[in-house]
Amino acid sequence: MELAKNFQHTEAELKWYAHWEKSGYFKSEPDDRPPYTIVMPPPNVTGVLHMGHALNNSVQDILIRRAKMTGYNTCWVPGTDHASIATEAKVVGMLRDMGIDKKKLPRDEFLKYAWEWKEKYGGIILKQLEKLGCSLDWSRTNFTMDDAYYASVIRVFVDLHEKGLIYRGVKMINWDPKAKTALSDEEVMHKQTNSKLYYVRYKLDTGKDEYITVATVRPETILGDTAVCVHPEDERYAHLKGQYCFVPLINRRIPIIFDDYIDKEFGTGALKVTPAHDINDYNLGLKHGLPVIDTLNDDGTMSEAAQLYIGMDRFATRKKIVEDLKAAGNLVKEEDYSNQVGYSERTNEVIEPRLSMQWWCNMQELAKPALEAVMSDQIEFHPAKFKNTYRHWMGGIKDWCISRQLWWGQRIPAWYDSENGLYVAKTSEEAHEQYKITKPELAAKQPELRQDEDVLDTWFSSWLWPMEVFDWNRTPDNTDLKYYYPTSTLVTAPEIIFFWVARMIMAGYEYMGEKPFDKVYFTGIVRDKQGRKMSKSLGNSPDLLQMIEDSGADAVRFSVMISSPAGNDLLFDESQLEQGRNFINKMWNAMKLVKGWETRTVDGLEDSQVKFALDWMDARLAHVSQELAEMIKDFRLSEGLKTIYSLIWNDFCSWYLEWVKPGMEQPLSRNVYERTINIYEQLLQLLHPYMPFVTEEIYHLIKDRQAGDDLIVKQLPVYSTPDAVTLASGTKLQELITAVRDTRIKNQLKPKDTIKLWIDTTHHSFYEGAQDMLRRQVNAEQLGFIGKDGAQAPTTGMIALVVQTDKLYIEAAAATIDTTVQREQMQKDLEYFKGFIVSVSKKLDNEKFVANAKPDVIANERKKMADAQDKVKTLEESLAAM
RNA sequence: GGGAGCAUAGCUCAGCUGGUUCAGAGCAUCUGCCUUACAAGCAGAGGGUCCGCGGUUCGAACCCGUGUGCUCCCA
């Protein structure tokens, strides 16, 4: 078969993905093997693949593929999240483009459009994950608005309501005037913003021309003021006890109250109190019995209660009221001010704190076992630093606002009668039953109940994900749930530790009586080269699908994984794609080289010359394989990839293949060929989880395979601990080769110039195995040992060098021998080692050191000393000979 | 305002319980090579005040204190 010049990624990706899927390698059913389960963090149903997904899902695929090779029954469950706010916003936008106003649509008609949208655009992202090579069990795909899933969300709502944990109440919430819905605290992002601090004076009700000045960044809320507050110990205002003042422009008479909540140093030390529009003011209002005047409509315009600017947007009002205050003589001054402003996570709109009737979930009791599980490492967090964040949040956990004023989502299963009587039930029928029993007379007259208009927070469905994807609600005793739950590892971003991770743990303990996963691995945030978070608004997020098309999924996975150290952010730079592509090319060429030997193999050919190389490579493989297992266990995936990269490029290609390479047109022993193929296979296997396509392709090209012999399911061999002497011998040979090459260059020897190499050593057995490779790699026509077969130490015209404690002499006809550089180098080495001996001697002569240090440390120092002395001796002799 | 974390080569990071022969890797850089798998390559090299200061210790990149700078989370 003619081999392509390069790896053709597009064809290979289509071919192998289809093959894996057709062969059922992605599918999982419970069996005798231990399970390894991951539930994918469901992306938004309308989302498209971005760098964050690429990182997150590459990590999961690596863990899954690796587990598959080590005897586990792996199950990776895909799915999507209905993403209430995000999706509804998109549908509303689409309707607007069609000239349809959501407000004018009945609920069910809007939902029809929403489902149409979902059918059309939903799940694109799952298709895109195939492109990345994700080995997902597609037969288990879930969606958080599927009927079964919907039912489980409703069940949990009803259950928590029965337990008294879910209740309805008026509280200060975060209002998003664009999406026109309440948000949970977690959905609000605080951003440092440049604002203005306005100083506004309020006339006192003393009949005189006296004022009190307050400072505010939100002057439009003045219209909702119901008090001015000062610190009880603030002498400036002590005389105002029991006094009143007037709200500017509307002249409402409001009291001056005293509370030590006030920061005397801030502004003027006097605070305007607007209980309807600030959480702290609200609490003050509660304490002091102040009225609440809500001056905002749900779209962020001023309400009738504001008296002025009715219907005008809040920010326009802010400008206007400043002008009016100035005109009225109430504006004292304004100054620049930087403060934190809350923005909606989804719509990026400035949040308005607002009093509102919402549904709440009390988290206190649910949080207890969830906190304990993480603190005691029953659930391991990687990196562990996130335990602190988690504890901090869980310790101060507040009630969760779970209702959203939206239509796309699970509708709250609560019904009201005309007297506002409340019935919470799984179905309308059940609610009506309750109604008839509770209020038979009313029900006889008015049989219809009105269902709550709101839907539940998206996260109120996502928190059931690890159990509900295995059909917990309908069949809680099913074999899948028993086998796969608790799942093995959750891979997610630290940003959603509260939104999602913490709540899944709570739901897991509450409903399964068991944690949802053993381990959580938090990936970093994807940033660009300059360290900026990748985002649509910055436009710094590369087009992932284009990258896959251009460079291939393997190169993309390589570039993402090579630069994401455990627990740190990923700084993505497209140059890493090139590194990935080069690596693929390197492997491809190595395959071509090895394949090229096939026709030149001969049975029973003496291969003692390269036995050294084979043994060493086997030892390296065993050694690195063990290291890699540790790294993957600790989620040091980036380090793992670097390690395999180096094993393949340096150890295998640069050293091993060069060592066993037969000469031009020379035959090769069958045994060496087979072992080389075998080694290459194992390297591919180690790399496969990271770069699945190219490895599978080469695995099949390098040798004919029977049906079903695919790399993805090939089990990793068990390696025995490698022999340290074998490993050290390889290192020594490398050192020798490098040293001789370096010396050649320093003496202007061209690569083609041959040399004679004389070695003065006591380690003859080492050279017996290695000499052939040494000779070829340094282009020596002859290699001799001093003291053997009458060989003499050279006296003149030689270049001397020292490797470890062996003395080497290069004899070269072509050399313009300049020993000065060489001597200087040796002299420097000599001085260093002499200095080193002094410092080690000091240590060993120090009684405190000898008394305190561990015995093996002392033994090691003694060895260092002896080695250094040997080295000094060798160097001195070589110098003398020059 | 409260909390967490980080600072090691030009860049991105390793460096485990304080103790290995000038502190390691990749990328980048420099030099020489189109050597019959690979120039998307080969060979070789250079590059560090381990953020500053103080302390503990026989011994500190590592532990403690402090200062500076940066990042993230929460209010």
Side-chain angles (χ1 to χ4, degrees), chain A residues 3 5-6 185-186 188-190 263 279-280 340 342 383 385-393 395-396 494-495 497-498 524-525 527 529 531 533 562-573 575-576 578-597 630 634 636 638-639 641-643 645-646 649-650 653-654 657-658 661 663-665 737-739 741-746 748 750-752 777-779 804 828-829 831-833 835-837 839-840 842-854 856-858 860-861 863-865 867-868 871:
Chain A
L3 284 169
K5 187 171 187 303
N6 303 109
D185 292 342
E186 290 70 41
V188 179
M189 298 178 303
H190 295 270
D263 176 5
I279 180 66
N280 298 310
Q340 295 277 347
K385 66 181 178 188
F386 289 111
K387 281 168 76 176
N388 289 325
T389 319
Y390 183 82
R391 182 182 53 214
H392 194 244
W393 187 72
E495 305 162 292
I497 186 168
F498 308 131
I525 293 166
R527 298 172 181 281
K529 213 175 161 183
K533 195 169 162 175
I562 200 78
S563 53
S564 52
N568 281 346
D569 289 351
L570 174 154
L571 268 81
F572 186 80
D573 181 353
S575 71
Q576 286 145 357
E578 205 175 321
Q579 200 187 342
R581 185 198 59 178
N582 294 354
F583 182 38
I584 289 168
N585 195 241
K586 185 74 184 177
M587 287 188 285
W588 192 260
N589 282 310
M591 187 239 338
K592 284 201 311 201
L593 173 70
V594 175
K595 276 295 274 187
W597 295 343
E630 283 298 307
D634 299 340
R636 284 146 54 205
S638 177
E639 219 180 321
L641 178 55
K642 283 176 187 166
T643 305
Y645 174 83
S646 168
W649 199 306
N650 299 324
C653 294
S654 296
L657 288 180
E658 294 299 333
K661 197 186 223 172
M664 272 285 275
E665 309 293 317
I737 292 167
T738 303
R741 282 173 174 168
D742 183 32
T743 309
R744 288 181 60 118
I745 286 174
K746 287 196 171 117
Q748 282 87 45
K750 294 263 175 292
K752 285 196 174 109
Q777 290 249 275
V778 299
N779 194 19
Q804 294 187 1
K828 254 169 81 184
D829 287 353
E831 271 156 38
Y832 164 73
F833 281 106
F836 181 76
I837 288 170
S839 84
V840 177
K842 269 189 193 156
K843 231 188 240 187
L844 287 169
D845 291 345
N846 183 332
E847 281 171 32
K848 282 186 178 172
F849 172 73
V850 179
N852 292 326
K854 281 178 244 159
D856 54 326
V857 172
I858 296 169
N860 199 19
E861 291 297 321
K863 181 169 185 317
K864 273 153 67 178
M865 178 73 134
D867 288 351
K871 189 86 185 180

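Worth knowing before you read on, the calculation uses all heavy atoms, side chains too, and leaves out hydrogens, waters and symmetry mates. To find a chain, count down the sequence lines: A is the first, B the second, and so on, and within it residues start at 1.
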When the [atom1] atoms of [M] and [N] are compared, how many Å lie between them, rounded to an integer?
{"N": "B/G67", "M": "B/G10", "atom1": "C1'", "result": "27 Å"}
{"N": "B/C13", "M": "B/U21", "atom1": "P", "result": "28 Å"}
{"N": "B/A45", "M": "B/A60", "atom1": "P", "result": "31 Å"}
{"N": "B/C73", "M": "B/G52", "atom1": "C1'", "result": "28 Å"}
{"N": "B/A14", "M": "B/C62", "atom1": "C1'", "result": "13 Å"}
{"N": "B/C64", "M": "B/G1", "atom1": "C1'", "result": "27 Å"}
{"N": "B/C27", "M": "B/A40", "atom1": "P", "result": "15 Å"}
{"N": "B/A9", "M": "B/G5", "atom1": "C1'", "result": "23 Å"}

Would you say [N] has OP1 or OP2 under 4.0 Å from some side-chain N or O of [X]?
{"X": "A/N582", "N": "B/G41", "value": "yes"}
{"X": "A/K871", "N": "B/U21", "value": "no"}
{"X": "A/Y645", "N": "B/A25", "value": "no"}

Which nucleotide wins on minimum distance to the side chain of [X], given the candidates [options]?
{"X": "A/R581", "options": "B/C13, B/A40, B/G5", "answer": "B/A40"}
{"X": "A/F833", "options": "B/C27, B/U35, B/U21", "answer": "B/U21"}
{"X": "A/K592", "options": "B/A37, B/A14, B/G2", "answer": "B/A37"}
{"X": "A/P751", "options": "B/C33, B/A40, B/A14", "answer": "B/C33"}
{"X": "A/D867", "options": "B/A37, B/U21, B/A40", "answer": "B/U21"}

Counting Watson-Crick and G-U wobble pairs only, both distances under 3.5 Å, name the nucleotide matched with [N], or none.
{"N": "B/A61", "result": "none"}
{"N": "B/U35", "result": "none"}
{"N": "B/A23", "result": "none"}
{"N": "B/C16", "result": "none"}
{"N": "B/A40", "result": "none"}
{"N": "B/A7", "result": "B/U68"}

Heavy-atom check, side chain of [X] versus side chain of [Y], under 4.5 Å:
{"X": "A/E639", "Y": "A/D634", "value": "no"}
{"X": "A/Y645", "Y": "A/Q579", "value": "yes"}
{"X": "A/D867", "Y": "A/Q804", "value": "no"}
{"X": "A/K661", "Y": "A/W597", "value": "yes"}
{"X": "A/N585", "Y": "A/R581", "value": "no"}
{"X": "A/R741", "Y": "A/Q777", "value": "yes"}

Between [atom2] of [N] and [atom1] of [X], the distance in whole Å:
{"X": "A/F498", "N": "B/C74", "atom1": "CZ", "atom2": "C1'", "answer": "7 Å"}
{"X": "A/L657", "N": "B/G41", "atom1": "CG", "atom2": "P", "answer": "16 Å"}
{"X": "A/E639", "N": "B/A25", "atom1": "CD", "atom2": "C1'", "answer": "10 Å"}
{"X": "A/K595", "N": "B/A37", "atom1": "NZ", "atom2": "C1'", "answer": "14 Å"}
{"X": "A/N388", "N": "B/C73", "atom1": "CG", "atom2": "P", "answer": "16 Å"}
{"X": "A/I562", "N": "B/G26", "atom1": "CD1", "atom2": "P", "answer": "11 Å"}
{"X": "A/L641", "N": "B/G26", "atom1": "CG", "atom2": "P", "answer": "13 Å"}
{"X": "A/K387", "N": "B/C74", "atom1": "NZ", "atom2": "P", "answer": "21 Å"}

Let me know, please, whether A/N6 or A/I279 comes out on the 5' side of the other along RNA chain B by nearest nucleotide.
-> A/N6
Closest-nucleotide 5' rank along RNA chain B - winner of A/T389 and A/M865 = A/M865
Under the side-chain contact (heavy atoms from CB on, under 4.5 Å) rule, what do A/W393 and A/I497 come out as? Steps first, then yes or no, please.
-> CA-CA 10 Å; A/W393 187 72; A/I497 186 168; over 6 Å; no
Please report the closest heavy-atom contact between A/V188 and A/G342, naming both atoms and the distance.
-> CG1-CA, 3.7 Å
Expected rows: protein N/O vs nucleotides 42-46 of chain B N/O, under 3.5 Å:
unit_1	atom_1	unit_2	atom_2	d
B/C42	OP1	A/K586	NZ	2.6
B/C42	OP1	A/W649	NE1	2.8
B/A43	O3'	A/R741	NH1	3.1
B/G44	OP1	A/T738	OG1	3.2
B/G44	O2'	A/D742	OD1	3.3

